[in-house]
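First up is the structure itself, then whatever we jot down about it.
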Amino acid sequence: MPIRRLDPLVIDRIAAGEVIERPAAAIKELVENALDAGATTIEVAIEAGGRRLIRVVDDGRGMDEADLALSVERHATSKIPDGDLTAIATFGFRGEALPSIASVSRLEIRTRVRGAPTGLKLVVEDGRKSAIEPCAAPVGARVEARDLFAATPARLKFLKSDRAEALAAADAVKRLAMAAPHARFSFATDIGSSFDWPAAGQGEAGFAERLRQALGDDFGLNSVGLDARREGARLSGRVGLPTFSRPNASQQFLFVNGRAVRDKTLAGALRGAYLDFLPPDRHAVAALFVECEPSEVDVNVHPAKAEVRFRDAAVVRSLVVGAIKQRLNEALHRATTTGGTATILAMRPPPAYRGASYNARWDWRASPAAPRLAEPAQASFAETALSAAAPAAPANERDLASPLGAARAQVHGNYIIAQTADGVVIVDQHAAHERIVYEKLKREREGGAIERQTLLTPMVVDLDADAAALIEAHAEELAGLGLIVEGFGAGAVMVREAPAAIAGGDLAGLVRDLAADLAADDGAQSLARRLDRRLGTFACHHSVRSGRALKPDEMNALLRAMEQTPGAGQCNHGRPTYVELKLADIERLFGRR
């Protein structure tokens, strides 16, 4: 078959496939054009997930007749005035958006520049441009794309359901709106949820308000702010507390110089910053804004401008990881404020049991969950009838004023009930102590040496031959963590020294778990991360075990240690270590509110 030139319309449709993958991509391009035009109000409307109609209306500068005629020509743009691709400071710049949309839809543009007596209208259908005509139009631009992909049915059948496409379109608008809090954004759809966000203003207050609009009040209450700089790059935004995590990464929003991007460097750095706080199946909620010189980032590596490449990715990664870790450590024991609401929902009886009468013959003292009371004066409580319960002794005022309050009881052998100035805290003693021990061991490792304690009687641990060989092979690494082991014949190892912080723990179980951990280790993680994971195993085997009775001073000491320990709001496996119920929560539980 001889080589021939493709028809210009076919060329345009092929090129459109690189830029306009789905309705959300067309909306992204049109909204970016509106922002580049200085718009402060942007209204987006779609029908049938964007297949039937996409409409974007803005109050930007608009276009005169010459600009309007060129706007639908390929590779015509006003976004690179000097042709320098290393200093791009606009969203659109490739000159492909409008021509690509026009080649796969019926496109109509109405626009008017300030001071012009009338607006102008241009229609493009099947690659043919109409004559430019005068029309009624406000200042700005109104772009409508109808019957998207009708001329390319192969592309049309690869789209998802109308609802899925509407959700993708809404997500695209939300991401753009998060980076432009100075503008009002509205999104209207016949399927799914619409929204209308008023302008939030400039500066940090504006960004905070726009994030509240996009991610809800809970995110603001359960996140920490970022503001860090390194070698000309700046990182701002907010990241959620570890206990505010999600099962997927859909609530991670990444921006570079105001452009919403999908960037492996930033996504990997975000995950790396949470390695100490989240298990692999949980993902942080975050909105990260990176600002740097345009020459330090290449935004021209993807036709849809969704990916970027940093000149020095190591600097950006170090900035993100360091800033997030610092802020999470500064948050110390903080856990999500939504724990109280979740607890109330969990404690509500099923609908079939609501309104059931109280069994007057039930004796709380016979329950296996009967509490071990922490206050000495409360001991008499167990000896009195419910109707004549002795009042609890007043808690220590200093403890009561502390964030996690004063311990009042231990229930089920694992949960500490503490009273705060305005509520109640329920603490998982094993999970909390596990985090405290882990952070102590980490500090000692980072300081250059973990304090060791020689065992009075060396401990021999029986293993299978392969496991024992693994432990011996990693004896030097384990020695750096304070655990001194050596071979003891076939299928056994001897423990001579252990870190002082865990010397009284389950050392035999620790060695067996370390062998399993070493067998599963593929070496892909950094040495520091692998060592920290080993320390996490150490901490788990030494922590206060479930079922161990604690005295009042031991409970309070644990609470005070939690308040001083980074990440103490969650254990090493990402689960919360405590739940707080405010008085208002408790009153709602009893129907008082």
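For this chain, numbers begin at 1 and follow the sequence in order.
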| said: Is it the case that atom NZ in Lys129 sees more than 12 heavy atoms from other parts of the structure closer than 6.0 Å? | reply: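 Count over threshold, so yes.
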Value rounded to 0.5 Å, distance of [atom1] in [X] from [atom2] in [Y]:
| X | Y | atom1 | atom2 | result |
| --- | --- | --- | --- | --- |
| Leu404 | Tyr578 | CG | OH | 5.5 Å |
| Asp147 | Glu125 | CG | CD | 8.5 Å |
| Leu176 | Phe253 | CG | CZ | 11.5 Å |
| Leu68 | Asp64 | CG | CG | 8.5 Å |
| Ser161 | Ile191 | OG | CD1 | 8.0 Å |
| Leu319 | Glu231 | CG | CD | 9.5 Å |

| Are Phe289 and Phe207 near enough that their ring centres are under 6.0 Å apart? |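 Close enough - the centres of the two rings lie under 6.0 Å apart.
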Check whether [X] reaches the backbone of [Y] with its side chain - one donor and one acceptor, N or O, closer than 3.5 Å.
| X | Y | value |
| --- | --- | --- |
| Arg61 | Asp36 | yes |
| Arg246 | Phe244 | yes |
| Thr189 | Gly192 | no |
| Thr111 | Leu120 | no |
| Ser318 | Val315 | no |
| Asn329 | Lys325 | yes |
| Arg230 | Val316 | no |

| task | Identify which one of Ile46, Leu148, Asp190, Asp162 satisfies the side-chain contact (heavy atoms from CB on, under 4.5 Å) criterion when paired with Arg52. | result |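 Checked Ile46, Leu148, Asp190, Asp162 against Arg52; only one passes side-chain contact (heavy atoms from CB on, under 4.5 Å): Asp190.
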Does the side chain of [X] reach to within under 4.5 Å of the side chain of [Y], using non-hydrogen atoms?
| X | Y | value |
| --- | --- | --- |
| Leu270 | Gln252 | yes |
| Ser71 | Ile109 | yes |
| Ser236 | Leu226 | no |

| field | Partner residues of Arg271 under the side-chain hydrogen bond (donor to acceptor under 3.5 Å, both in side chains) criterion, sequence neighbours left out | value |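 With sequence neighbours excluded, Arg271 shows a side-chain hydrogen bond (donor to acceptor under 3.5 Å, both in side chains) to His283, given in chain and number order.
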| task | Look at Lys582 together with Asp422 and state whether they make a salt bridge at an N to O cut-off of under 4.0 Å. | result |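 So Lys582 pairs with Asp422 through a salt bridge.
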| field | Exercise: do Thr40 and Asp59 side chains pair donor with acceptor under 3.5 Å | value |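 Side-chain D/A pair, Thr40 to Asp59: present.
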| task | Considering non-hydrogen atoms only, spot the tightest contact between Ser194 and Ala188 and give its length. | result |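 Closest pair (atom of Ser194, atom of Ala188, distance): OG-CA, 3.5 Å.
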| task | Determine the minimum heavy-atom distance between Thr565 and Glu439, stating which atoms define it. | result |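 It is CG2-CG, 3.6 Å.
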If you look only at distance, which donor and acceptor atoms sit under 3.5 Å apart when one is on a side chain in residues 135-146 and the other is two or more places apart or in another chain?
| from | atom 1 | to | atom 2 | distance (Å) |
| --- | --- | --- | --- | --- |
| Arg142 | NE | Glu144 | OE2 | 3.3 |
| Arg142 | NH2 | Glu144 | OE2 | 2.7 |
| Glu144 | OE1 | Arg146 | NE | 3.4 |
| Glu144 | OE1 | Arg146 | NH2 | 3.4 |
| Glu144 | OE2 | Arg55 | NE | 2.9 |
| Glu144 | OE2 | Arg55 | NH2 | 3.4 |

